[in-house]
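Data block below; observations after.
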Amino acid sequence: MTKYAMVVDLNRCQGCRGCTTACKVENNTVEGNFWMHVFRFEQGSFPDTEMSFLPRPCQHCDNAPCVKVCPVGARFKREDGLVLTDADRCIGCRYCELACPYGVNYFNWQDPEKAQYSVVDWKDSDLQPVTDGVVPPYKNPDLDELWGEEQRRTAGGGHAKGIMEKCTFCVQRVEKDLDPACVETCPTDALVFGDIDDPGTPISLYLRENRTWQLLEEAGTRPSVYYVGGTPPSSELKEIERPKATV
Amino acid sequence: MRRTGAIALIVMGVALLLAGYLLAAPWGASTVADSDPAVVGAPTLFIIGIVSLLSSALFYELLPDGR
Amino acid sequence: MSVETRVEQKLPQGVGRLTPGWLVFFAVSFVVFVIGIGAYSYQLSNGLIVTGMRSTGTMGGATWGLYVVMVEYFIGVSLAGVVLAAFVEVFNIGALRPVSRLAVLLTIASLSTGVLGVLLDLGSPFRGFVNMLLYVRPQSAFFGTFMLVAVGVLMTSLVYLYLGGRRDAATIAGTPSGLRWFHKLWAAGYRDTEPERERHRRVMFWLSIGLVPLVIVALSTEGLVFGIQVGRPGWYGSLQGPDFIVLAAASGLANLVVLTAIIRRAVGARIPLGHAVFKWLGSLLLAATAASLYFQTVKTFTLLYATPGNERLIADALLRGPYAWIFWSSLVLMVVAMILLVSQAATGAWSVPAVVAASVAISTAAVAERYLTVIPSQTHGMLLPYEPGSYFPTWVEFAVVGGLFALGAILIGGFVKVFPIINLNSNRREVRTDA
Amino acid sequence: MSEVFLGMPTITRRTLVKGSAAIVGTSVVASNFLFKSLDGVAIAQETTASGPVEDFVATTCWIGKQDCGMIARRIDGRVVKFDGNPTNPRNVGTLCPKGQGQIQAMYDPNRVKWPLVRTNEKGVSGEWRRATWDEALDLVAEKVNEVRARDPKMVLWQKGRSKAKDFYDDAFVKSTGISKLGHGAFCSDAGYRALEYTIGTHAVLHPDFRYCNYMLSWGWNITNAGGNKFCWLTWPRHMVKARDRGMKIAHLDPRLRSAGPFADTWLPIRPGTDLAMALALCHELIRQDYLDRPYLTKYTNAPFLIKADGTVARVTVGEGDEAEDVGLVWDEASGAAVPFGETDDPVLEGEFVLDGEKVKTAFQLFIEHVADATPEWAADITGLTAEQISSVASEFGRQAQIGSTLVVDGVEVPYRPVGIMAYHMAQQELGFQTARAMTMVPMLVGAIGAAGGQLSDFTWKIYKNYAKYEKLTVEDPPYDFLLNNSKFFPINTGSPAVVAGVMNDPERYGVEDLPEVAILHMVNPLNSFPSQPEYLRSYLKFKFVAVISPWLSETADYFADVVLPAATIEKYEGPISATDQYIDAVTLRIPPMEPLFESRGEIDIYMDLCERMGTLYGEEGYLAVVNKELKLDDTPFVLPLDSKPEVRHIFDQWAKSQGIDEGIEYFEDPQKGVYVKGPVSPNKIYGYVADPPFGGAMHRLYGESLLDAQQQMKAKGAEKIYWQDYTAFPTWRAPTMDASPAEYEFYLLSYHQIEHKQSRTSFIPILAELAPGAHLDINPEAAARLGISEGDSVRVESHNAVTGETRRLTTTATMLDSIRPDTVAMPHHFGMWTHPQNEAQGPSANEIYFTGEGYLANTGDQSFHVKVKVTKGGDA
């Protein structure tokens, strides 16, 4: 069996948000939606302060609260560990978002084209010959495809108003044996992705050689994301340099 | 007749409720199968079951007296 | 209009008689309803972006807002009516029999608005309707809302209303009027024979016996929607269900009191809605309010002792933070209502305005309580150190909620003009005299 | 194209699998129709008969400084994603947020789409008409040639940053003979000058991350910005690996944010006091005897005998043409002064009598120079504690393991696993001498060019300035408009701010001829350089300004007569070094698409411009310089000088000249893309084992020519503020800004955020989303005193301690505990206005910095320090 998981090595993470950007480009997510969010934290007061970073993808929990509450089975857990959202099934009740203690769900509050960094006119007529009018111009056709054995539209579905979406571990890349976009781009290799059922993969090695912890272990969600280094976030932390997340 | 019909509707209702429930997506959150009903539309059976149960009352009360 | 003039003198309780006051009431309700539809169409075409709701976490919003607050409120309100009617039936409480139809109607109206509210809140409402029929999962608490509340309770209430009104329908079906076809249809051949009465009593008894647990279970799932959430401080806990039910009972009775008072005033003193009814309702309200206040007090004390950490986030938000004014005002309203009711119970002097005042206070507090259940755990209950969020409804949400209230008003207001709202057979003599 | 309802394939498959009734499938299709019409949520999937065609192109990043290798994924020829190229040693398949985000920049319809000609007056926001390339190029060629005919130097070519190898820029400048200005004065150039002067390399300081165990991260913006030679990405890669090995980091910075969690020790030093800190470290290293005497005596001028007048005691060695003046050192054995090199063991410390005159070794003078620079003394100045300073020095000395060696790839190299990482540390008034003082810290322990020690450039190639600075010349006016060899800046970086000052008041600087035409290539002085008012006035004096840029810069908006649209990434450029310092590699930028709109690659633009100016062909022409710079001369791949080549052909020739048989196709191949030559030899990396050692440069601990320049400047009547920092050793003085009144209680710093690259990314929406706009970081303690809280609008007013001028801006306060309470800081990426994304981004700190006396280093480099007062309120 294949069981995908991710390691986030906080001893290496620079908090650069390259992962966030790669995710946004790969998955064409709209403004304000951060499937991969990177917290930047500060704690203490001068001169005894500390800073830390914390990338927060979907935790792809083995005991996923979002899956349990989904009324229509749009949110489901695959045997290989991925927790996905069927864009054809979702009714937009946002119950999964309430159930998730990590805050990883993002709803399409409006027509995605309008939310697609519309300060720039992607429909500009001089751009049309190159892009054929697609919005955004880097629109990834894979997102509209059906993926996995279950053949459901789980890669974001090209986004649609009124439905929920979240990090997919880049199912469209994983199915092609590629790393998720965030992992691929991470400048300091702080993100590791792979099959933890296979002892020979780099991630299995990483898990054997490092002490790990998980986000909100007490919530019993059994995440598929393992953190190395750093410390679990506490309420002492103050988030700084927040992205513009309002829509 | 009245009683039999009502009981039949109740039995059918309970059966449909059970069927609807059992054929709906099972409890569980670890497989793709957990997200799908065994039969698409199983919840509709459940609703028909409720309707059947309630119609037993209507049937029982509304069925005209035999002449 | 000739038809009106003809029926005016014949049908009881002003049925079929469109008074100026009622016309104004209905017109206003209709306008508010149409505004609600307009606002909703705007929401439908632009997406939920037009509401104040936003994603939790990085976006710092509440993903469930006023709609869900009102859904919780409406569904809560629905509890009391049909349960009261069932008790009246099972325990044969004669004093309350006059209002049992109104009670069931209140249930139907508030359930309809509540269930509609759920749909209005969906990002994809039409797909939501269809996919619920095709896929709804028992593990999700929404199964309870959809199957048990929306289908089970609502349909049972309709059957209850229908069967309970059959005798009255038969009574007035003899009166010639433009509505006679309707009353005849309702009566469906009822001739008030003893076997029929006996069958009716039997059906109503068993229906009531089945109904009460169904309603309790179904409505508890509304509390469970939040109670099963491990990921939200302030939500997880077995008390969410009972807490919901107790407040539901109080808010439902409060609404019933207000409605009864309105009907009494509108239809006139000739109907059997004396102080006895208000005494009963007031006493029941007192019991429900006391229980609710008890829950509320326990909750407040628990919050005061919240340890630093997750629950403290919510405690601070409620007791001292941005929600403090709502929290404390709702508590004050409950206490004021409690004082009003207790003082009347103690003296035995029940005054309609005082009971109504207490009811309005309780109903308002209930809305506030539902708000405090739904919203703060989203804006201030993130377990990861997101910045606290905020939520304030937009005009669209207010307009849509206004439309829901208007719909409820139209349902009830419309019903009283086509069917006697007060049980004719609860006190046959009076009714006959009246006729 | 046909539309297919979404649910259909799903349902069909499920129906088969689950065996449900077909009617259900039908109902779902029907319901999908409902959703589509009612909810508008059904997602239409567009399919073509053949399906989309996916392919990949190797290219390099364009947005930042170091040009990481990338693979562009294309769908039907449209780029949908850039990923890192795994074969590129520099980024090994990774990309930073800017690298990822630039895809939006490429498609940005707010780019300059076609040549623009101004239709309104200059000095205000521009109005434009669309022109053809022919018309625009003819116009530029005509205006430039008009001035060139009189004096080519009066044409000023200015560029922000040359991407890739700057051969095509150089070819333009050289073939036309015009003047050139870069961005260095606003960068680390004072540090470059200091290193060129001190050890001869054209670089600033970075440690040998491969072996370093203890690093002073001195103002290095570790998690946000680049460093010496590399962009951000490569340095952090090296750093995290070093930390995996156990390297410790002591971080000197008024802000902790720069290091994030990577500081093992944080020393929140007061801005502008680094020179004092460095002197105190030297003091402590000497006191604790952490000295590498063999290095100091063999490779530095420390043992030179210095006469009372500050000059080196010299003797002429050799005869005739061979004759040269050589410094004298004291030979203990013979008890006499001998020419350097004639004794293996010259005396390092001491005072001697030479020809009846007292002389001291340079090192003796240095010891005396830093004798008073105790940790306690520096503590007062730097705001640190004496213990902190002393312990850093001890750790640095202890970890240096003086005397040890390490075998690297079979070569035995002195091993001093300590070093300094400092990039823009020189951006202060005492910048040049600060960088020199900082270099002396690793010099004392012999870490320069050692394994694990202090590196600077990737090789030990000695830069031309090293020899030039042996003797500095100060001439009489008139000066050229760059003030070369002037009494103001005997060492002169060439600053656009100085040029602006000169243009505004030529008489004051003794300048007669001012430039008349400017060609501004991807440069935006009005926004990106401090002291906006200087540019607002001076750039109006140009009779003609041509701008080459993909976007309409603020400078273009106000001053351009013609704007020529340059392509972004979609063009050929190169060659581009792909080394990570330890592995040698080279690559090219390959256009992943045709240039968008009517934009063109710069090489095309310059060739066309030169053709019209008559400077393309011939022995002195553009193509001839290209041949020379790309080393195509004397190869079979030399470009003919009489025909204009395709740009792709130029690089094809270059690739073939490098022994790559496939030519440019090698670089276009996504499987290849990068030409990896293999590991760099330790003999190139480590100065001790270079041939000759350290490239043959004698390390100048003692700055004889600096002192000499001071004398010359005084003689020519230069003001003290210009000559005071021309001292033989770095000498502490309080920076001029400290004379501002006490109410200007804060030091203002501006800093770089990782999401942005200077001022050319803040309009990229996806990056602006992550780092949205300007704000003022302020310590909550200081803020509370001023009644300021998070999110408040604040007014920041700067004060020029020399002229008394004040400038102000309004921004939003952000509470940050990890900043000194006497320091406030702003990101420097904002303050632009030509792009719709710029709206509400807020101002740039550059608006309130000053330039000129007190705010320029003695090398003409810009200081990014100023004292400000902060008050609540102001117009938002």
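All chains are named by letter (A, B, ...) in the order of the sequence lines, taking the proteins before the strands, and each is independently numbered beginning at 1.
Ion pair A:D124/D:K113 flagged as a salt bridge, since at least one NZ, NE, NH1 or NH2 atom sits closer than 4.0 Å to an Asp/Glu carboxylate oxygen. A salt bridge is absent between D:K81 and A:D142; no separation between the charged side-chain nitrogens and carboxylate oxygens falls under 4.0 Å.
Counting heavy-atom pairs closer than 4.5 Å to chain A, the top residue among D:C96, D:P261, D:A768 is D:P261. The greatest number of non-hydrogen atom pairs below 4.5 Å with chain A, out of D:Q104, D:Q837, D:R243, is found for D:Q104. Taking chain A as the reference chain and counting heavy-atom pairs below 4.5 Å, the highest number among D:A263, D:P821, D:G84 is found for D:P821. Contact count versus chain A (heavy atoms, under 4.5 Å) is highest, among D:D244, D:L256, D:D108, D:T234, for D:L256. Heavy-atom pairs under 4.5 Å with chain A were tallied for D:L770, D:N110, D:I754, D:I75; the largest tally goes to D:L770. No other option in A:S52, A:P141, A:G230, A:G15 has as many heavy-atom pairs under 4.5 Å with chain D as A:P141. Note: D:T94 leads D:T94, D:L767, D:L816, D:N224 in heavy-atom pairs under 4.5 Å with chain A.
Distance CD1/D:I103 to CD/A:E26: 10.0 Å, rounded to 0.5 Å. With rounding to the nearest 0.5 angstrom, the CD atom of D:Q753 is 9.0 Å from the CZ atom of A:R17.
With a threshold of 4.5 angstrom between heavy atoms, D:E54 approaches chain A through side-chain atoms but not through N, CA, C or O. Interface remark: A:L127 contributes backbone and side-chain atoms alike to the contact with chain D (heavy atom separation under 4.5 Å). Proximity to chain D involves both the backbone and the side chain of A:C16, based on heavy atoms less than 4.5 angstrom apart. Within the 4.5 angstrom heavy-atom criterion, only backbone atoms of D:I819 (N, CA, C, O) approach chain A. With a threshold of 4.5 angstrom between heavy atoms, A:S125 does not approach chain D through any atom at all. Residue contact with chain D, scored on non-hydrogen atoms closer than 4.5 Å, involves the side chain of A:E42 exclusively. Residue A:F41: no heavy atom, backbone or side chain, is found under 4.5 Å from chain D. Proximity to chain D (any heavy atom under 4.5 Å) is shown, for A:D126, by both the backbone and the side chain. Neither the backbone nor the side chain of A:V38 has a heavy atom closer than 4.5 Å to any heavy atom of chain D. For D:R73, the part lying under 4.5 angstrom from a heavy atom of chain A is the side chain only. For A:R242, the part sitting under 4.5 Å from any heavy atom of chain D is the backbone (N, CA, C, O) and nothing else. The part of D:F262 that comes within reach of chain A is its side chain, from C-beta onward, which places non-hydrogen atoms under 4.5 angstrom from that chain. Within the 4.5 angstrom heavy-atom criterion, no atom of A:C19 approaches chain D. No part of D:H238 comes within reach of chain A, as not one of its non-hydrogen atoms sits under 4.5 angstrom from that chain. Contact of D:M106 with chain A is not made at all, since no heavy-atom distance falls under 4.5 Å. With a threshold of 4.5 angstrom between heavy atoms, D:W114 approaches chain A through side-chain atoms but not through N, CA, C or O. With a 4.5 Å cut-off on non-hydrogen atoms, D:Y107 touches chain A through its backbone and its side chain both. Both the backbone and the side chain of D:P836 come within less than 4.5 Å of a heavy atom in chain A. In this structure, chain D has heavy atoms under 4.5 Å from both the backbone and the side chain of A:P137.
A donor-acceptor pair is defined here as one N or O able to donate and one able to accept, closer than 3.5 Å; such a pair exists between the side chain of D:R237 and the backbone of A:P187. Looking only at distances, no side-chain donor or acceptor of A:S45 sits under 3.5 Å from a matching main-chain atom of D:D817. Side-chain N or O atoms of D:R78 include one that pairs as donor or acceptor with a backbone N or O of A:K139 at under 3.5 Å.
Of all the heavy atoms in D:P772 and A:P243, the pair that sits closest is CG-C, 4.5 Å. Heavy atoms only, all atoms of each residue included: D:V80 and A:V25 are closest at O-CG1, 3.7 Å.
Side-chain atoms of D:T223 and A:Q14 include no donor-acceptor pair closer than 3.5 Å. Side-chain atoms of D:E769 and A:Y117 form a donor-acceptor pair, as typed in the model, at a separation below 3.5 Å.
Taking the side chain as every heavy atom from C-beta outward, A:V130 and D:E594 never approach each other to under 4.5 Å. Side chains of D:S818 and A:F46 form no contact here, defined as non-hydrogen atoms less than 4.5 Å apart.
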